[in-house]
Amino acid sequence: MAENEWKPKIIAFVCNWCTYAGADLAGTSRLKYDVNVRVIKLPCTGRIDPLFIIKAFEQGADGVLVSGCHPGDCHYTSGNYHARRRWIVFSELLRFFGIPEDRVQFAWVSAAEGAKWATLVNEVVAKVRQLGPFTAYRELETTEVLS
Amino acid sequence: MARVGVFICHCGENIARTVDSAAVADAAKRMAGVVYAVDYKYMCSDPGQQMIKDAIAKHRLTGVVVAACSPRMHETTFRRASAEAGLNPYLCEMSNIREHCSWVHEDKQAATEKAIDLVRAMVEKVKKNEELQPIRVPVTRRALVIGGGIAGIQTALDIANGGHEVLLVEKTPSIGGHMAQLSETFPTLDCSQCILTPRMVEVGQHPRIKLYVYSEVESVDGFIGNFEVKIRQKATSVDPKLCNGCGACREACPQKKIPSDFEAGLGTRTAIYSPFPQAVPNKPVIDRENCLRFRVARKKGIPIEECTACGKCYEACPIEPRKAIDFSQTDQVVTEKVGAIVVATGFDLYPTDAYGEYGHGKHPDIISGLQFERLASASGPTSGEIRRPSDGTIPKSVVFIQCVGSRDNAKGIPYCSKICCMYTAKHTMLYKHKVHDGQAYVFYMDIRAGGKNYDEFVRRAIEEDGAVYLRGRVSRIFRRNGRLAVLGADTLSGRKVEIEADMVVLATAMQAQLHTDKLAQTLGISYDQFEFLSEAHPKLRPVETNTAGVLLAGACQAPKDIPEAVAQGSAAASKVLGIFSSDELEREPIIASVNENICSGCLACEAVCPYGAIEEKEIKDRDGNVVKVVANVNPGVCQGCGLCVATCRANCIDLAGFSDEQVYAEIKAL
Amino acid sequence: MIEELRHKARELLEKGQVELVIGYGAGSDPTRTMPVFIRRPEDCDHLVWNKYCYNNLTSYLTWPELKTAGKRAVVCKGCDAKAIVVLCKENRIEREEVVVIGMSCEGVGEPLFGKCEFCDVRTPKTCDIQIGATLPPLSKDNLFEDVRQLEAGNAAERWEFWRRQFSRCIKCYACRQACPLCYCTQCIVERNQPQWIATSSHPKGNFAWNVVRALHLAGRCIGCGECERVCPSNIPLMLANKKLAQVVKEQFGYESGYDIDEPLPMASFMPDDSDELFK
Amino acid sequence: MAEFKLNEAKLDELVNALKSEGYRVVAPVEEEGVFVFKEVVDPGEMRLDVLRTARSIKEWFFPRVEPTLRYKFDRGSVTCKGEMPQSPPKTVIIGCRPCDSASLPILDKLFDWDFRDEYWFKRREATTVVAVACDAPDSYCFCTSVGGSPDGTAGSDLLMRKTVGGCYLFESFTKKGWSIIETAKGTLEPAGQNEKVLVGEVPKRFDLNSVKPWLDNNFDHDYWKEISYKCLSCGACAFVCPTCHCFDIQDEADLQGGVRLKGWDSCCLPIFTRHGSGYNPRDTRDARYRQRVMHKFTYYVDKFGLTACVGCGRCCVSCPIDMNICTVVAGAAELAETST
């Protein structure tokens with residue numbers, strides 16, 4: 001069945017200090033998680049621009065994961081607080097425009113939470129698998145407007 | 001045209017077991033812009049690094065991607081290797097195919113595909129990388145310490161002894177702070193002044209410490225290594241160069257009834273005064289509020305020069321020919337350049353007026369802990385004898401109440417003042433040692449005696465010196481035939497208690513020094529709702545603030561006892577010495593920069609920057625007219641978080657190392 | 001009211017209190033008006049005021065060529081005047097350099113524009129000279145009704161709704177050009193290194209553009225509705241703007257265009273902002 | 001001379017007849033509160049009474065975006081594949097106004113100038129244009145000032161004129177037009193000798209002959225600033241215009257390959273003609289708006305002998321600040337009068 005052939009594509013935008021380190025920890029602890037996630041490292045969740053997520057979908061992502069330090073633990077003291085506001089607003093907008101909530105997951109994963117990272121990735125991939133490929137977005141691809 | 005070299009590490013079996021490194025190398029060879037790709041058992045080994053260096057030379061690489069372990073592990077290794085081969089280190093990137101791939105996946109084919117993706121992403125990114133040069137900021141190796149209490153003194157001495165100049169600014173006429181007011185100190189009961197005054201003298205005489213007493217910091221500009229501070233020296237009306245501190249002026253002053261802050265209101269002082277005998281510097285100042293001549297001048301509305309009232313001090317001054325007394329002296333504002341600033345403004349005591357039920361102020365024999373210190377102090381108003389302020393009799397029974405203000409949400413102070421448990425225990429001992437037949441009672445909520453020899457100390461107060469500890473709050477205190485009836489509850493026995501006391505001592509809460517918020521704003525550092533100054537990170541950067549080059553010491557940050565204040569003073573000093581270790585600061589070039597052509601100057605970036613690294617910049621035309629205002633990043637201050645970049649709607653601010661172009665390339669590659 | 005308006009404007013120019021009055025003039029037909037820039041007192045008779053005064057004239061305040069025009073007066077409805085607050089917060093203008101002539105307004109448009117049914121600034125809050133009687137604010141209780149209605153449907157329905165709407169966008173950028181808060185020297189869609197947003201008006205480019213347009217107005221949009229009014233394809237842009245206004249109000253307790261001292265919600269934070277969204 | 005007429009009541013039959021003959025029928029249809037030319041699904045949605053659709057019929061020949069080229073990357077090398085519009089379906093546009101029709105021959109010149117634009121002509125060939133004469137023009141109409149008329153025939157294959165008796169007179173001018181009549185024969189009836197047709201009046205607002213010379217000599221006239229200082233610099237006017245034809249070429253690519261797109265552009269947008277250096281020869285609003293007027297009323301005339309404006313009034317209607325090109329040109333004409 002085609003469902004098996006389709007490999008969900010999840011792009012994860014993570015901060016360098018907490019979540020990236022947390023993912024490293026998952027590795028050093030040899031925890032196993034789903035292979036369909038690709039991590040892009042940034043200094044801080046505060047650096048993550050909503051445009052990244054739009055672009056990720058345009059590039060064929062079926063799901064996006066955004067993760068950084070827990071509130072209060074930001075390496076840059078307030079980066080994730082600002083990011084939190086940004087995501088609260090942005091996720092509501094995406095929801096309003098009809099993008100299923102399960103396609104964009106926001107999380108806090110600290111450098112000590114390797115296990116949380118592993119579970120998180122598995123959950124996100126599972127949810128996206130349930131939704132299937134993000135064909136709705138793919139359909140926007142058409143360049144023919146009228147003919 | 002990009003010439004990227006890709007180096008795939010097996011990490012022994014660690015990667016190779018689940019990722020087909022050779023296949024990744026082959027795939028890499030087919031990526032646009034890749035001119036060389038190879039896999040090797042241990043890239044981080046010397047031969048591995050040599051392969052990279054050779055390839056850089058042989059294939060004239062413009063970028064290097066090492067697919068191996070986490071960059072947190074070996075990024076520096078490979079960047080150094082690249083640099084040694086003459087490639088800018090920031091043109092070297094790592095793909096994490098171990099922690100993020102081989103170690104967390106089992107299916108070899110899938111893991112290999114993922115590894116290829118991760119390599120492709122980095123290849124695309126590295127093509128957009130730019131050569132970056134470390135940022136160098138010159139450092140003025142000279143420190144400013146604000147506050148002359150024990151924390152400030154310790155900091156100043158450590159920095160000065162470390163070989164650098166220090167400016168120590170104190171707002172009162174003498175350094176010493178609260179510690180100078182204390183009688184003995186817990187848990188050793190050694191005399192506070194005996195251990196403090198030698199340090200004060202050392203400061204006063206230190207060749208590298210410049211003392212600004214009776215002065216306050218007015219403004220601070222600049223950034224780490226390059227601050228410019230304006231210091232206001234209030235007019236002391238005494239020429240410090242001429243005055244020899246003989247004290248004749250004080251003797252002569254007719255204004256003798258002014259309540260003394262140093263004596264916590266239990267003693268008096270003259271209008272021309274120095275706060276206490278061991279003051280450093282030992283030069284008096286004229287308190288212009290209370291000085292007769294100034295009062296008359298104010299009343300008549302004439303300039304002080306024309307006023308002839310009193311002048312007893314002037315006559316008494318033995319200095320010839322020019323007297324040390326100078327009524328016409330005015331405030332001076334001096335500008336100094338410093339490279340680092342340590343804030344040590346200390347604490348204040350919670351005003352007990354808020355506790356009507358405890359009647360502080362209504363009855364002279366209900367006093368604060370600090371007042372008790374003065375009573376117990378050999379240099380105090382009663383030369384160390386415990387006597388009731390009201391009638392000078394010796395109190396036979398004293399009630400000590402802890403947590404007055406502290407841990408009382410109703411009074412708006414949820415936090416614990418930390419030192420009260422200890423000093424109350426100390427008070428009961430001092431009292432017992434001075435009044436052998438006296439009885440001390442202590443009302444407490446909990447006894448918090450964490451610290452070296454602290455709990456032992458409290459136990460001694462109870463077991464050896466017989467202080468009676470009652471767990472509970474006091475509901476009311478009122479006068480009854482010359483004594484004080486203290487009504488309270490003993491929550492352990494569940495009984496109401498009433499104690500006939502001759503004196504009541506309130507362990508009042510510590511709070512931030514008045515106007516700490518103003519100072520914080522001048523310094524551009526943050527503070528909490530109680531106006532205690534905020535550290536950069538509660539665990540890992542307890543001494544730094546968010547503003548690089550501004551550090552904290554002592555109780556201005558949170559309630560602290562003397563050892564802690566001193567320890568933090570030394571910590572702050574060591575940070576300063578670190579900053580001063582070379583005449584240039586070198587910093588990672590991962591910083592933001594503004595495209596001034598398209599910046600519209602809304603300054604949202606300035607609002608969000610956690611470090612105050614962004615300020616307005618005026619763009620002027622040739623005639624000097626301001627054409628527009630844009631944001632400007634101070635490379636010396638920027639820490640490279642990139643918050644401003646994602647905040648900017650027009651994306652006209654970008655972050656080196658994580659630029660829009662680079663992230664975009666990564667997203668496209670995945 | 002017109003006479004009062006003209007009189008005040010004339011006075012400002014005569015007394016040299018302003019160099020320029022930006023107001024409404026007669027349009028090409030009785031149901032329209034056209035912005036006019038008036039520099040001479042005698043021209044003040046060109047000013048008009050009626051229910052066809054749609055435009056939000058504060059858009060002109062941020063024009064570089066007018067920055068040098070010295071002190072300016074601008075004729076504002078209550079909704080328009082809210083933009084002044086944001087423009088000041090964002091350093092576009094100095095409050096002192098602009099004289100706001102606030103018109104008491106019973107609503108514009110025929111039939112009445114949607115925004116006017118929930119107007120709580122029929123008498124402008126931000127204004128230096130008030131023209132016309134003070135009018136009581138209207139209830140905003142049902143302000144977000146249309147938002148709720150759309151949200152009643154499921155994600156697929158909403159997606160379909162917006163896909164249909166955005167596919168009709170022709171990328172003429174009238175929405176952006178008319179918006180008083182779209183003042184960027186270079187709009188993000190005009191960035192091509194990298195090209196975050198496809199400039200072509202195909203569904204993909206249109207979706208990205210409309211997401212970003214709405215997002216960049218989050219916590220800023222003052223609800224003057226110009227974007228929607230000027231859209232030649234009649235796309236319900238205000239629906240998205242209102243959604244974000246609702247989020248910002250409910251989550252951060254902030255309403256744009258009222259308090260000049262409050263920090264901008266998207267450039268500030270509270271440690272206790274909701275954490276629900278986050279795993 | 002009309003030989004046939006169609007009873008209003010039979011419009012649906014007409015549409016069905018055309019459809020069954022394999023025509024794709026395009027006509028004014030309501031979409032989200034605006035009228036645009038769309039393929040007619042249910043004959044009932046066709047609205048011949050609509051005077052002015054939001055956008056012109058231009059987009060049925062010159063879509064707002066179309067791919068012209070696709071390419072693939074293979075390491076260093078690129079392989080390209082030109083993309084010609086696959087021959088478009090046989091189409092009939094019913095219910096455009098004579099002004100819209102008139103725009104087609106004007107643009108034919110442009111698209112067959114230095115090279116023949118197949119994207120345009122393939123669609124032109126496949127499309128039959130059936131205009132409806134205007135019985136009730138409005139104050140925005142100024143076709144008569146630019147050489148058109150409410151029942152002009154330029155560019156139409158067939159013109160429908162409304163009669164007092166609630167019928168449409170059919171008059172064809174081309175083979176394409178005639179084959180429509182052939183197809184629709186069943187629904188038509190012979191026209192009477194002297195049918196009373198309803199045709200509206202459009203007053204002439206200016207004289208082209210006096211406008212052009214003035215424009216030619218007044219590139220730097222203050223007039224341009226006076227009329228355009230408040231232009232918001234949006235592209236609405238150009239995008240709704242039947243004759244505005246400026247387009248932009250954009251590449252959209254990823255690592256595998258990409259597509260080169262041709263899309264509408266507007267001389268009023270701030271970045272129009274901005275150079276790579278950042279320099280923009282038309283950096284000011286008046287320079288850009290002047291370009292719009294000059295292009296239509298003199299440059300195009302010089303190059304192709306035609307005025308690139310058909311007086312449909314769409315730009316005036318959609319302008320956010322009510323700038324009115326008719327008034328603008330009329331103003332220029334006045335200046336021309338006074339200056340001589």
Side-chain angles (χ1 to χ4, degrees), chain A residues 45-46 49-55 57-58 65-68 70-72 78-109 113 116-117 119-120 123-124 131 134 136-146, chain C residues 147 150-151 153-163 165-168 170 188 191 194-198 200-212 214-216 218-219 239-240 242-244 246-248 250-252 265-279:
Chain A
T45 38
D49 192 317
L51 289 164
F52 296 178
I53 294 175
I54 294 295
K55 202 71 207 164
F57 283 134
E58 288 185 359
L65 170 56
V66 174
S67 178
H70 287 268
S78 56
N80 58 355
Y81 281 129
H82 285 283
R84 181 167 60 184
R85 280 209 166 186
R86 195 182 298 150
W87 300 134
I88 287 173
V89 169
F90 185 56
S91 61
E92 278 290 327
L93 184 65
L94 292 182
R95 202 180 55 73
F96 192 61
F97 283 168
I99 291 186
E101 281 147 273
D102 286 348
R103 294 216 184 260
V104 194
Q105 177 66 60
F106 302 93
W108 307 129
V109 174
E113 296 175 320
K116 181 175 179 183
W117 170 255
T119 359
L120 181 67
E123 283 172 6
V124 170
L131 291 166
F134 200 175
Y137 211 107
R138 294 299 86 67
E139 280 156 9
L140 296 181
E141 276 298 329
T142 165
T143 46
E144 298 283 328
V145 170
L146 285 168
Chain C
V147 174
L150 184 58
E151 283 182 321
N154 61 30
E157 290 163 354
R158 288 198 300 275
W159 175 267
E160 184 45 31
F161 173 81
W162 287 112
R163 192 197 56 72
Q165 296 293 354
F166 292 153
S167 311
R168 297 167 40 240
I170 56 174
I188 185 69
R191 278 314 279 285
Q195 183 97 50
W196 283 116
I197 301 160
S200 301
S201 68
H202 47 53
K204 184 183 75 177
N206 287 352
F207 186 82
W209 157 246
N210 280 282
V211 167
V212 171
L215 193 66
H216 283 183
L239 196 52
K242 276 165 81 175
K243 171 61 194 174
L244 293 187
Q246 182 193 33
V247 174
V248 169
E250 285 169 3
Q251 293 278 350
F252 316 135
M266 298 319 287
S268 58
F269 68 89
M270 290 301 276
D272 57 359
D273 286 335
S274 161
D275 218 31
E276 263 173 62
L277 180 66
F278 299 83
K279 265 241 159 56

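Throughout, a chain's letter reflects where its sequence line sits, starting with A, and its residues are numbered from 1.
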For this session: Would you please classify the geometry between the A:Y137 ring and the C:W159 ring as parallel, tilted or perpendicular, with 30° and 60° separating the classes?
Result: tilted

Exercise. Is A:R84 close enough and on-axis enough to C:F269, meaning under 6.0 Å and within 45°, for cation-pi?
Worked result: no

For this session: Check whether A:E92 gets within reach of chain C through its side chain, its backbone, both or neither, counting any heavy atom under 4.5 Å.
Result: both

For this session: With a 4.5 angstrom heavy-atom cut-off, could you sort out which part of A:E139 is near chain C: side chain, backbone, both or neither?
Result: neither

Exercise. For chain A, which of C:A218, C:A198, C:P271 has the most heavy-atom pairs under 4.5 Å?
Worked result: C:P271

Exercise. Rounded to the nearest 0.5 Å, how far does CG of C:D275 lie from CD1 of A:I88?
Worked result: 8.0 Å

Problem set entry | C:A208 versus A:E58, closest heavy-atom pair with distance | CB-OE2, 3.4 Å

Exercise. Is it the backbone or the side chain of C:L239 that comes under 4.5 Å from a heavy atom of chain A, or both, or neither?
Worked result: both

Seminar exercise, completed: Between C:R163 and A:L140 the two heavy atoms that sit nearest each other are CG-CD2, 3.8 Å

For this session: Count the heavy-atom pairs under 4.5 Å between each of A:V66, A:V89, A:L120, A:I54 and chain C, then report the option with the highest count.
Result: A:V89

Problem set entry | Selection from C:G153, C:G205, C:S274, C:G219 maximising heavy-atom pairs under 4.5 Å formed with chain A | C:S274

For this session: Measure the CD-CZ distance between C:E151 and A:R95 for me, rounded to the nearest 0.5 Å.
Result: 4.5 Å

Problem set entry | Separation between CH2 of A:W108 and NZ of C:K279, rounded to the nearest 0.5 Å | 14.0 Å

Exercise. In terms of the angle between their ring planes, are A:F96 and C:W162 parallel, tilted or perpendicular, with boundaries placed at 30° and 60°?
Worked result: tilted

Seminar exercise, completed: Of A:F97, A:W87, A:F106, the largest count of non-hydrogen pairs under 4.5 angstrom with chain C goes to A:F97

